[in-house]
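Computation of the quantities below employed the complete heavy-atom set of this structure, encompassing side-chain atoms and omitting hydrogens, waters and symmetry-equivalent molecules. Note that the structure is a prediction, hence the values are computed from the model and not measured.
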Amino acid sequence: MPTTWNRSPEEFHKIYVANTEAFYRLGRAELAPEMDEFMTKCALGLWSRAGGINQRHVDMANQIYSRGQKQPQWLLWTLTSSVCETDVFLPPVFYWNLAETDAKRGTETSRTFIRMLTNILLYLAAVDDDVTMGEAEYITECADRLTAVCDTNGVRKSREALNPLDYVTSAEPSFVDKHPPQTQTSGGEAKPEIKNDAPEEKKPSLEELMEQLDELVGLDEVKKDVKSLINLIKVRKLRQENDLPVPPMSLHMVFMGNPGTGKTTVARLVGGLYAAIGVLSKGQLIEVDRSGLVAGYVGQTALKTQEVIKSALGGVLFIDEAYSLASGGENDFGREAIETLLKAMEDHRDDLIVIVAGYSGPMEKFITSNPGLQSRFNKYFFFPDYNGEQLLTMFRTRCDKNGYKLTEEGEAAAKKLFDEMYEERDENFGNGRDVRNRFEDMVVRQSNRVAAMEAPTKDDLMAVLPEDFLDEDEE
């Protein structure tokens with residue numbers, strides 16, 4: 001499937017015929033008239049989820065016909081009125097018959113039909129160059145309802161698991177959102193409908209964001225590097241304002257370190273800081289991993305990755321465990337995601353920053369695996385594990401923010417616990433995540449202890465004792 005829809009309607013007809021004839025070769029050629037009618041209804045249901053019909057949809061609908069069948073002649077108004085008649089998806093009668101025949105013969109033609117339908121609907125959904133969430137949900141609904149018919153009739157499971165959400169590529173607004181209704185002025189001129197939306201949330205200032213950076217526990221070298229980078233960019237902007245040359249500079253970054261060391265938090269602050277000094281237009285953080293970029297079928301990964309990139313424009317795209325994109329060999333779809341990212345980093349270098357993150361060793365191998373990655377990522381930030389004192393500080397901060405207070409005994413026990421956690425850490429050490437888990441576990445234990453008291457005081461409700469966060473073998 002193309003990464004953007006640039007094929008003619010006639011080319012789509014060839015795609016449609018190729019898909020349906022592969023199904024007809026299973027001995028179901030007599031279903032062609034019913035198939036075309038059913039596929040047209042599915043297309044209408046799909047486009048209704050996108051919010052409306054345009055001439056492009058009409059052109060595509062006129063290409064939904066099998067070889068030897070009469071070509072439809074839809075007009076815009078007739079297709080639009082037909083969309084209004086499209087409600088919920090219902091498996092057609094011929095499909096029930098297929099499933100019953102499969103159950104008797106031990107075949108799986110009906111499940112092959114599901115894959116064929118899904119493939120065709122994905123092409124139709126991409127007519128507007130993106131597969132919206134509403135369209136993706138409709139495709140999922142179709143597959144689920146047809147699968148339920150197979151399950152009801154006892155059709156054996158297909159060897160190839162079908163998950164339509166692998167194709168979900170867009171969180172884009174619907175057709176209606178992208179093309180809002182028009183209202184008429186007194187002079188008959190159309191103007192956009194005015195919406196009384198709530199005021200936009202005020203973004204934090206550069207000073208406020210720098211304070212948030214300083215307040216982070218530990219990460220002294222990371223903070224220093226971020227501040228140096230901000231200063232460098234400020235000076236570059238001043239030089240540009242004074243018509244002085246500035247050398248080319250890549251702002252994409254590599255964050256290396258174990259889980260729970262604050263990589264996502266710092267990435268979010270970087271987005272805000274860059275927006276505050278005018279490098280980025282928005283400053284939002286879009287966080288994904290391999291599953292958010294890579295699809296399960298040929299041609300879908302680039303489209304899925306492009307939609308993620310669209311949502312990140314103006315801000316930071318944060319890719320966790322990025323090395324997994326290059327871990328599947330030459331034919332893995334992760335490489336398609338990498339190539340799409342590299343192109344986007346060049347095309348949108350003035351309003352997109354990509355931060356790749358993960359364990360230090362695998363990240364070094366990842367960056368050196370592709371010359372394009374090496375040339376675009378030249379800023380490395382190392383996030384060390386938090387030591388015992390820093391872990392205790394994080395735990396104490398959580399207690400303070402949530403109205404809990406460590407007793408003197410609790411403080412001593414907590415210090416001993418986190419010191420030991422740091423000294424005995426292994427590859428599964430979770431840093432800040434372990435602190436959060438300990439805190440949540442403490443809240444449950446403390447609640448159970450206080451609930452057993454006859455008349456707990458306010459101090460009792462706040463007090464954290466050693467037994468509230470220590471297992472018996474840790475006491």
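For the pair Q284 and K282, the tightest heavy-atom approach, listed with the atom from each and the gap, is OE1-CB, 3.0 Å. Listed here is the closest heavy atom pair of A312 and I286: CA-CG1, 3.7 Å. Across all their heavy atoms, Q69 and P33 have their closest contact at OE1-CG, 3.6 Å. Heavy atoms only, all atoms of each residue included: G292 and V308 are closest at O-CG2, 3.3 Å. Residues A267 and L285 share a closest heavy-atom pair of CB-CD1, 3.9 Å. Of all heavy-atom pairs between S360 and F382, the closest is OG-CE1, 3.3 Å.
Between the side chain of D36 and the main chain of S66, a donor-acceptor pair closer than 3.5 Å is present. Formation of a donor-acceptor pair under 3.5 Å by the W47 side chain with backbone atoms of L124 is found in this model. A donor-acceptor contact shorter than 3.5 Å is absent between the side chain of K365 and the backbone of Y323. In terms of modelled atom types and a separation under 3.5 Å, the side chain of N19 and the main chain of I15 share a donor-acceptor contact. In this structure, the side chain of K304 engages the main chain of S291 through a donor-acceptor pair within 3.5 Å. In terms of modelled atom types and a separation under 3.5 Å, the side chain of R376 and the main chain of G372 share a donor-acceptor contact. In terms of modelled atom types and a separation under 3.5 Å, the side chain of K223 and the main chain of E215 share no donor-acceptor contact. A donor-acceptor pair is defined here as one N or O able to donate and one able to accept, closer than 3.5 Å; such a pair exists between the side chain of N62 and the backbone of W74. Proximity of a side-chain donor or acceptor of E34 to a complementary backbone N or O of L31 within less than 3.5 Å is not detected. Counting only distance, with no hydrogens or angles, the side chain of S110 and the backbone of L98 share no donor-acceptor pair below 3.5 Å.
Comment: E346 engages R349 in a salt bridge, judged by a side-chain N to carboxylate O separation of less than 4.0 angstrom. Classification of K41 and E37 as a salt-bridged pair holds, one side-chain N sitting under 4.0 Å from a carboxylate O. Using a cut-off of 4.0 Å between Lys/Arg side-chain N and Asp/Glu carboxylate O, K343 and E339 are scored as not salt-bridged.
S324 has its side chain out of reach of D289: every pair of non-hydrogen atoms, C-beta onward, lies at least 4.5 Å apart. No side-chain heavy atom of L269 sits less than 4.5 Å from a side-chain heavy atom of V226. In this structure, the side chains of Y380 and I367 come closer than 4.5 Å at one or more pairs of heavy atoms. Put simply, the side chain of R436 reaches to within 4.5 Å of the side chain of R398, judged on heavy atoms. Annotation: side chain of V443 is not in contact with side chain of N402 (no heavy-atom distance under 4.5 Å). Side-chain contact between F94 and F113 is present, with heavy atoms from C-beta onward closer than 4.5 Å. Contact check for L341 versus L293: side-chain heavy atoms found under the 4.5 Å cut-off. You'll find the side chain of I233 reaches within 4.5 Å of the side chain of M249, heavy atoms only.
Interatomic distance, CG of D434 versus CE of M421, reported as 4.5 Å (0.5 Å rounding). Taking CG of D351 as the reference point, atom CG of L313 lies at 6.5 Å (rounded to 0.5 Å). One distance of note links NE2 of H348 with CG of D350; it measures 10.5 Å at 0.5 Å rounding. Taking CG from L251 and CZ from R236, the interatomic distance works out to 7.0 Å, rounded to the nearest 0.5 Å. Going from atom CD1 of I64 over to atom CG of L44 covers 7.5 Å, rounded to the nearest 0.5 Å. Taken from OG1 in T20 to CE in M35, the straight-line distance is 6.5 Å, to the nearest 0.5 Å.
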L317 vs I353, side chain to side chain contact (heavy atoms under 4.5 Å, CB included): CA-CA, chis, key distance, verdict:
CA-CA 6 Å; L317 175 58; I353 291 175; over 6 Å; no
Pair K401-T397, side chain to side chain contact (heavy atoms under 4.5 Å, CB included): steps then yes or no
CA-CA 6 Å; K401 287 183 177 180; T397 299; 3.8 Å; yes
Carefully, step by step, assess F377 and V354 under the rule side chain to side chain contact (heavy atoms under 4.5 Å, CB included).
CA-CA 9 Å; F377 291 100; V354 177; 3.9 Å; yes
Walk me through it: do Y95 and I114 pass the test side chain to side chain contact (heavy atoms under 4.5 Å, CB included)?
CA-CA 10 Å; Y95 187 79; I114 297 174; 3.4 Å; yes
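Between F395 and F439, the two ring planes are perpendicular [angle over 60°; tilted spans 30° to 60°]. The aromatic rings of F255 and F381 lie perpendicular to each other, with more than 60° between the two planes, well past the 30° mark.
Heavy atoms from other residues, nucleotides or ligands lying under 6.0 Å from NZ of K379 number more than 12.
Side chains of N431 and T261: no donor on one and acceptor on the other come within 3.5 Å. Between Q63 and D59, the side chains place no donor N or O within less than 3.5 Å of an acceptor N or O (distance only, hydrogens not considered).
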